[in-house]
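Remarks on the structure that follows.
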There are 2 protein chains.
Amino acid sequence: MDIFLNEAIKEARKSLSEGGIPIGSVLVYENKIIGRGHNQRIQKNSAILHGEMDALENAGRLSAKVHADSILYTTLSPCAMCTGAILLYGIKKIVIGENINFMGEENLLRNRGVTTDIVQSPECIELMKQFIRDNPRLWNEDIGTADLD
Amino acid sequence: MDIFLNEAIKEARKSLSEGGIPIGSVLVYENKIIGRGHNQRIQKNSAILHGEMDALENAGRLSAKVHADSILYTTLSPCAMCTGAILLYGIKKIVIGENINFMGEENLLRNRGVTTDIVQSPECIELMKQFIRDNPRLWNEDIGTADLD
């Protein structure tokens, strides 16, 4: 197991333990984690803090060079919003825990020259599978397809 | 002048008065503003709170139907991140103050079926032109091209 993907999984599990959606992410520069985060929809009642966005926000304001030379690890294939943030900041490589439970905008990333490594981690797959099964409505909200009251 | 674009401009001017980047946005549903915001890079030291993101965050957690039937107004052409958020939430129409000072991902939006109305508001154009001239480094940071110290 990649140690950094494992740190992203720790973030996902932390979110789950907080009652949140179990998706985590870390931003790695020169072999060190410079930002880590997890989905904050429940915890912060947030519409924009997906795991990747939270990690990017926690990494703070960085130079273009640092972003370009960083690798973003995420437990789940990135949605359009997180993909857009990756493109904005010119991050060139991402490592994706799995894309079985949700296929994000990987084609767009690759078309723009971003290297996308798909791990298909059984741990990531099982984590999301259970969560989606138990919380379909919350999950649909997170990907923009929910009918809330 | 569209009253809602005018409200987005008020947000941009509010940001400027706070020492921030003058880009504002409002989310409108059934002819009412349900979320408003502005760039918070300086004010909240944020890497992700562009004007559109701030407005979406302040609008809160919404059903897919509300997002789909909302119109997002923004003073400046939306970058890749904000474009991705618009796509995630299935917002079908955006009104853009101007795209002279910065051309965002309008082609991607249109290719995905989002209606993009470009106003080319002289007020929006002048506001950004002055800001970029006076703050080139900060502006470059906001669009992911800055060399910080």
Side-chain angles (χ1 to χ4, degrees), chain A residues 21 27 34-35 37 40-50 52-68 70 78-92 102 104-105 107-109 111-112 114 137-138 140-149, chain B residues 21 27 34-35 37 40-50 52-68 70 78-92 102 104-105 107-109 111-112 114 137-138 140-149:
Chain A
I21 300 175
L27 188 67
I34 59 170
Q40 301 277 7
R41 181 168 297 271
I42 299 300
Q43 296 93 319
K44 295 188 177 173
N45 214 28
S46 173
I48 65 169
L49 286 172
H50 277 187
E52 301 91 323
M53 302 297 286
D54 195 38
L56 288 169
E57 182 71 326
N58 291 333
R61 294 167 55 191
L62 302 170
S63 74
K65 186 186 175 307
V66 173
H67 272 131
S70 292
C79 80
M81 173 175 66
C82 299
T83 292
I86 291 162
L87 295 176
L88 168 65
Y89 284 121
I91 295 169
K92 292 181 193 147
F102 177 74
E105 294 278 353
N107 282 340
L108 178 59
L109 286 167
N111 287 343
R112 299 289 181 97
V114 179
R137 179 175 157 146
L138 186 54
N140 285 335
E141 183 195 332
D142 205 53
I143 56 172
T145 59
D147 287 322
L148 304 180
D149 291 332
Chain B
I21 300 175
L27 188 68
I34 59 170
Q40 301 276 7
R41 182 168 297 272
I42 300 299
Q43 296 93 319
K44 294 187 177 174
N45 213 29
S46 174
I48 65 169
L49 286 171
H50 277 187
E52 301 92 322
M53 303 296 286
D54 195 39
L56 288 170
E57 182 72 326
N58 291 333
R61 294 167 54 190
L62 303 171
S63 75
K65 185 184 177 307
V66 173
H67 271 132
S70 292
C79 79
M81 173 176 65
C82 299
T83 293
I86 290 162
L87 295 177
L88 168 65
Y89 285 121
I91 294 168
K92 292 183 193 145
F102 176 75
E105 294 277 353
N107 283 340
L108 178 58
L109 285 167
N111 287 344
R112 299 288 182 98
V114 178
R137 179 176 157 143
L138 186 54
N140 285 335
E141 183 195 332
D142 205 52
I143 55 172
T145 59
D147 288 322
L148 304 180
D149 292 330

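First the proteins, then the strands, lettered A, B, ... as listed; each starts at 1. Values below: every heavy atom of this structure, side chains too, minus hydrogens, waters and symmetry copies.
- With sequence neighbours left out, the salt bridge (charged side-chain N to carboxylate O under 4.0 Å, His left out) criterion links Lys92(A) to no other residue.
- Remark: Lys44(B) pairs with no residue by the salt bridge (charged side-chain N to carboxylate O under 4.0 Å, His left out) rule, at least two apart or across chains.
- Heavy-atom distances place both the backbone and the side chain of Ser46(B) under 4.5 Å from chain A.
- Taking both residues in full, the closest heavy atoms of Gly60(B) and Ala47(A) are given as O-CB, 3.8 Å, listed atom of the first, atom of the second, then distance.
- Interface remark: Asp142(B) contributes backbone atoms only to the contact with chain A (heavy atom separation under 4.5 Å).
- Here CD of Glu105(A) is found 4.0 Å from CZ of Arg112(B). Values are rounded to the nearest 0.5 Å.
- Side-chain contact between Leu108(B) and Leu108(A): present, with at least one pair of heavy atoms (C-beta onward) separated by less than 4.5 Å.
- Of the listed residues (Ala68(B), Ala59(B), Gly104(B), Gly84(B)), the one with the most heavy-atom contacts under 4.5 Å to chain A is Gly84(B).
- Contact between Ala64(A) and Gly144(B) at its shortest, heavy atoms only, is CB-O, 3.4 Å.
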- [ ] Please step through side chain to side chain contact (heavy atoms under 4.5 Å, CB included) for the pair Ile48(B) and Met81(A), ending with a clear verdict.
- [x] CA-CA 11 Å; Ile48(B) 65 169; Met81(A) 173 175 66; over 6 Å; no
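- Among the candidates Leu87(B), Asn45(B), Ile143(B), the residue making the largest number of heavy-atom pairs closer than 4.5 Å to chain A is Asn45(B).
- The heavy-atom pair separating Ala80(B) from Leu88(A) by the smallest distance is CB-N, 4.0 Å.
- Both the backbone and the side chain of Arg41(A) come within contact range of chain B, each with at least one heavy atom under 4.5 Å from a heavy atom of that chain.
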